[in-house]
A.B. asks: 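There's a structure below that I have some questions on.
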Amino acid sequence: MSSIRRHAITLIPGDGVGPEVALATQRILDAAAARAGVAFDWEEAEAGASVFLKGDQTGVPQATRDSIDRTRVALKGPLETPVGFGEKSANVTLRKLFETYANVRPARELPGIPSRYKGEGVDMIIVRENIEDLYGGIEHLQAHDVAQALKIITRKGSEKVIRFAYEMALREGRKKVTTASKANILKLTEGLFKSIGEQLAPEYAPIQANHLIIDNVAHQMVKDPAQFDVIVATNLHGDIISDLASGLIGGLGFASSANYGDGVAIFEAVHGSAPKYAGKNVINPTALVLSAAMMLRHIGELDLADQVEDAVLVTLEDGKSIPQDVVRQQGGDIEAAASTTGFTDAVIENLGRKPTSVPTAASRPRPAAPNPHKRWPDGEARRAEVGPATVIGVDIFAETLMPPAEFGTKLAALAGPEFELRIVSARGTVVWPKMSPAFDHPGFFRSRFVARDKSKVVTDEALFALIARVAGVATWFHLEKLRSWNGEEGFTRAQGE
Ligand code: NAP
């Protein structure tokens with residue numbers, strides 16, 4: 001009987017430079033595996049541009065979904081997404097289909113790679129929430145030339161990723177978790193994320209916990225990046241600061257990442273399809289190779305992961321094969337740079353060697369495969385704890401070019417005995433009953449009606465009748481019920497309300 005350990009892995013080569021970096025990674029992994037009595041059963045699968053071209057608007061065909069369902073592990077090259085128009089990102093679709101809620105992006109100083117922070121010991125992991133936030137992609141043109149995107153943050157989604165960050169920190173011997181948010185401005189969405197971070201921190205007491213406003217995180221990352229250990233953030237902020245982090249350690253050519261769910265994990269480079277380099281055999285494959293090392297740890301092949309990571313470190317350290325992006329940063333002779341295949345050959349030759357100028361992979365804490373918590377909040381119990389919602393009014397968004405004073409006066413007269421018009425606002429700032437002198441008409445207003453008698457239940461019938469009266473004055477396009485839980489308002493006040 002064969003003693004070879006076999007692993008089935010879905011391989012998505014992807015678009016642009018994807019097939020080149022995927023092939024490089026596959027060759028390195030197969031070479032390392034052959035030395036260690038391991039074999040990979042690669043299931044090659046399609047996603048991205050080629051799939052869109054065939055008319056599948058999801059970008060992720062059923063065969064690819066089925067393969068990942070089977071293998072539970074995917075190694076993925078970058079996928080192209082049309083910018084500003086067209087199909088949704090197949091990357092985001094994949095992350096959502098398999099609920100890979102934690103996107104982990106390490107940024108560690110590498111030997112031989114120039115950066116402004118060389119020698120400062122940059123070694124951080126960014127954990128980005130991967131499903132929610134503006135990546136819901138729920139957008140509408142509310143009025144002519146007025147676009148809106150919904151930012152969705154849930155307690156459950158936030159708790160999952162924040163717990164993941166703390167548990168990863170414990171497993172990997174990390175000391176500090178920084179929760180990053182914009183809770184000063186977005187009190188309910190980012191505020192929820194921040195408060196969950198604060199609630200969970202004491203459960204992970206050995207880990208030092210702090211919170212920073214995301215703009216300060218950006219500032220601190222550029223000023224003193226070595227202060228950071230693990231940072232956990234909502235989706236868009238995490239996306240931006242993780243690209244920033246990759247710039248601290250030599251660029252996107254070195255930035256690896258993993259998307260973890262409770263069942264499936266997808267490993268990919270942070271970079272995109274870099275179309276201008278596609279097919280030229282010049283792209284640096286390190287980012288995907290280091291992502292594959294994360295994958296090997298995830299499937300329990302810890303020694304193999306160390307071997308691959310060490311071979312990359314040795315190759316970078318001895319400087320004989322320098323990828324083109326590094327040569328360009330150093331202002332060196334581009335002709336002398338290693339090709340994608342040349343760099344890959346060098347890494348394969350270096351399998352089994354250990355770096356000398358930086359700690360070996362095995363000397364770092366060895367994380368077991370992620371074992372995310374299943375203690376997600378129970379929806380029913382939470383609903384019982386919070387109690388029922390009370391409807392106290394409605395925000396009606398309507399298109400109009402009427403001056404605010406005229407619009408407010410008209411609507412106030414329509415409020416009827418059940419409601420009062422509390423404010424009219426434009427882009428979140430009160431314009432009725434008071435108006436800022438620098439008011440610039442955006443072509444739409446929000447009118448906030450609240451119940452006159454706080455002790456009475458606001459019925460849908462009363463709301464519908466109010467909306468019908470407002471519709472006689474302006475074209476409404478969006479409604480938001482105003483609700484409270486135990487007297488706590490479930491909406492923010494306008495600037496100046
Ligand atoms: P990109 O493909 O990441 O390329 C931006 C620049 O980063 C490149 O021009 C190059 O910089 C550098 N770069 C990227 N990968 C590199 C590597 N392996 N080695 C060295 N340098 C590298 O970003 P983009 O041009 O904004 O996006 C192109 C497409 O990729 C878009 O369709 C986008 O939606 C998609 N994308 C996909 C993913 C994903 O699949 N996860 C992620 C991001 C973007 P220089 O020009 O300075 O050489």
Side-chain angles (χ1 to χ4, degrees), residues 11-25 45-53 59-60 64 74-96 98 100 103-105 110 113-115 126 128 130 135 137 235-236 238-240 242-247 249-259 265-292 294 312 315-316 321-332 334 337-344 347:
L11 178 71
I12 303 172
D15 303 321
V17 296
E20 292 164 74
V21 292
L23 180 63
T25 307
E46 261 189 315
S50 59
V51 179
F52 290 134
L53 278 176
V60 186
T64 301
L75 182 66
K76 184 187 123 334
L79 307 179
E80 229 166 77
T81 310
V83 179
F85 67 93
E87 292 89 354
K88 293 255 182 188
S89 157
N91 290 305
V92 175
T93 302
L94 264 174
R95 292 170 193 164
K96 290 185 177 207
F98 294 99
T100 57
N103 182 217
V104 175
R105 296 179 167 191
L110 294 165
I113 303 308
S115 93
I126 292 168
R128 161 189 172 192
N130 215 17
Y135 286 73
N235 204 339
L236 181 60
D239 189 8
I240 296 167
S242 56
D243 263 38
L244 196 168
S246 71
I249 53 111
L252 284 172
F254 299 95
S256 53
S257 88
N259 304 280
I266 301 172
F267 299 83
E268 61 181 331
V270 171
H271 67 75
S273 59
K276 68 180 179 188
Y277 296 127
K280 296 189 174 151
N281 194 24
V282 295
I283 201 76
N284 177 1
T286 306
L288 191 64
V289 178
L290 292 179
S291 308
M294 294 170 83
V312 171
T315 310
L316 299 176
S321 295
I322 310 179
Q324 203 192 77
D325 52 334
V326 179
V327 172
R328 230 176 308 120
Q329 281 182 58
Q330 289 170 328
I334 213 77
S339 62
T340 308
T341 44
F343 183 80
T344 306
V347 174

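Nothing here was measured: the structure is a model prediction, and the numbers come from that model. Each ligand, and each atom within it, is numbered from 1 in the order the structure gives.
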A.B. asks: Measure from atom 4 (O) of ligand 1 to every heavy atom in Pro285, Ala274, Ala47, Gly253 and give the option owning the shortest one.
C.D. replies: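 The nearest heavy atom belongs to Ala274.
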
A.B. asks: Looking at CG of Asn130 and NZ of Lys96, how far apart are the two atoms once the value is rounded to the nearest 0.5 Å?
C.D. replies: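 Answer rounded to 0.5 Å: 9.5 Å.
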
A.B. asks: Measure across Ala47 and Asp15 and return the closest heavy-atom pair with its distance rounded to 0.1 Å.
C.D. replies: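 Distance-wise, the nearest heavy atoms are O-OD1, 4.1 Å.
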
A.B. asks: Could you tell me if the side chain of Pro114 sits less than 4.5 Å from the side chain of Val326, heavy atoms only?
C.D. replies: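 Side-chain contact under 4.5 Å: yes.
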
A.B. asks: Here's one to test your reading of the geometry: is the NZ or CZ of Arg128 within 45 degrees of the ring axis of Tyr135 and under 6.0 Å from its centre?
C.D. replies: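 So Arg128 does make the cation-pi contact.
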
A.B. asks: So, using ring-ring contact (aromatic ring centres under 6.0 Å, His included) as the criterion, who are the partners of Phe267 when residues are at least two apart?
C.D. replies: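 Tyr260, His298.
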
A.B. asks: Which atom pair, heavy atoms only, marks the closest approach of Ser273 to Pro78?
C.D. replies: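 Answer, listing the atom of Ser273 first, then Pro78: N-CB, 3.5 Å.
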
A.B. asks: Which ligand 1 atoms does Glu80 reach within 4.0 Å, using its non-hydrogen atoms?
C.D. replies: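 It comes down to these atoms of ligand 1: 32 (O).
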
A.B. asks: For residues Ser291 and Glu268, determine if any side-chain heavy atom of one lies less than 4.5 Å from a side-chain heavy atom of the other.
C.D. replies: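 They are not in side-chain contact.
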
A.B. asks: Would you mind telling me if ligand 1 is within reach of the side chain of Glu268, the backbone, both or neither, using heavy atoms under 4.0 Å?
C.D. replies: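 Contact part for Glu268 vs ligand 1: side chain (C-beta onward).
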
A.B. asks: Should one rank Ile12, Val21, Thr81, Val17 by closest heavy-atom distance to atom 34 (O) of ligand 1, which comes out on top?
C.D. replies: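 Closest candidate by heavy-atom distance is Thr81.
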
A.B. asks: Using a 4.0 Å cutoff against the non-hydrogen atoms of Val270, which atoms of ligand 1 qualify?
C.D. replies: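 Those atoms are 42 (C), 43 (C).
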
A.B. asks: Using a 4.0 Å cut-off to any heavy atom of Asp325, which atoms of ligand 1 qualify?
C.D. replies: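 Close to Asp325: 19 (N), 20 (C).
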
A.B. asks: Are any of the N/O atoms on Pro78, whether in the backbone or the side chain, positioned under 3.5 angstrom from an N/O atom of ligand 1?
C.D. replies: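 Min N/O separation from ligand 1 is not below 3.5 Å for Pro78.
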
A.B. asks: Have a look at Pro275, Ser273, Gly272 and point out the one with the heavy atom closest to atom 29 (C) of ligand 1.
C.D. replies: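 Answer by nearest heavy atom: Ser273.
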
A.B. asks: Give the contacting part of Ile283 toward ligand 1: side chain, backbone, both or neither, where contact means a heavy-atom distance below 4.0 Å.
C.D. replies: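 It is the side chain that gets close, since no backbone atom is under 4.0 Å.
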
A.B. asks: Run the numbers for me: atoms of ligand 1, each under 4.0 Å from some heavy atom of Asn91, listed by number.
C.D. replies: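 Near Asn91, meaning under 4.0 Å from one of its heavy atoms, ligand 1 has 37 (C), 38 (C), 39 (C), 40 (O), 41 (N).
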
A.B. asks: Not counting sequence neighbours, which residues clear side chain to side chain donor-acceptor pair (under 3.5 Å) with Glu46? List them please.
C.D. replies: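 With neighbours one apart ignored, the set is Ser50, Lys54.
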
A.B. asks: Apply side chain to side chain contact (heavy atoms under 4.5 Å, CB included) to residues Tyr277 and Gln324 and explain how you reach the verdict.
C.D. replies: CA-CA 11 Å; Tyr277 296 127; Gln324 203 192 77; 4.1 Å; yes

A.B. asks: Can you check which of Arg328, His271, Gln329, Arg95 brings a heavy atom nearest to atom 15 (N) of ligand 1?
C.D. replies: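 It is His271 that holds the nearest heavy atom.
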
A.B. asks: Just which atoms of ligand 1 are under 4.0 Å from any heavy atom in Tyr277?
C.D. replies: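 Near Tyr277, meaning under 4.0 Å from one of its heavy atoms, ligand 1 has 10 (C), 45 (P), 46 (O), 48 (O).
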
A.B. asks: Just to check, does Thr286 reach to within less than 4.0 Å of ligand 1 when the distance is taken from its heavy atoms?
C.D. replies: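 False for this residue.
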
A.B. asks: Out of all atoms in ligand 1, which are within 4.0 Å of some heavy atom of Leu252? Include the element for each.
C.D. replies: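 Near Leu252, the atoms of ligand 1 are 3 (O), 7 (O).
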
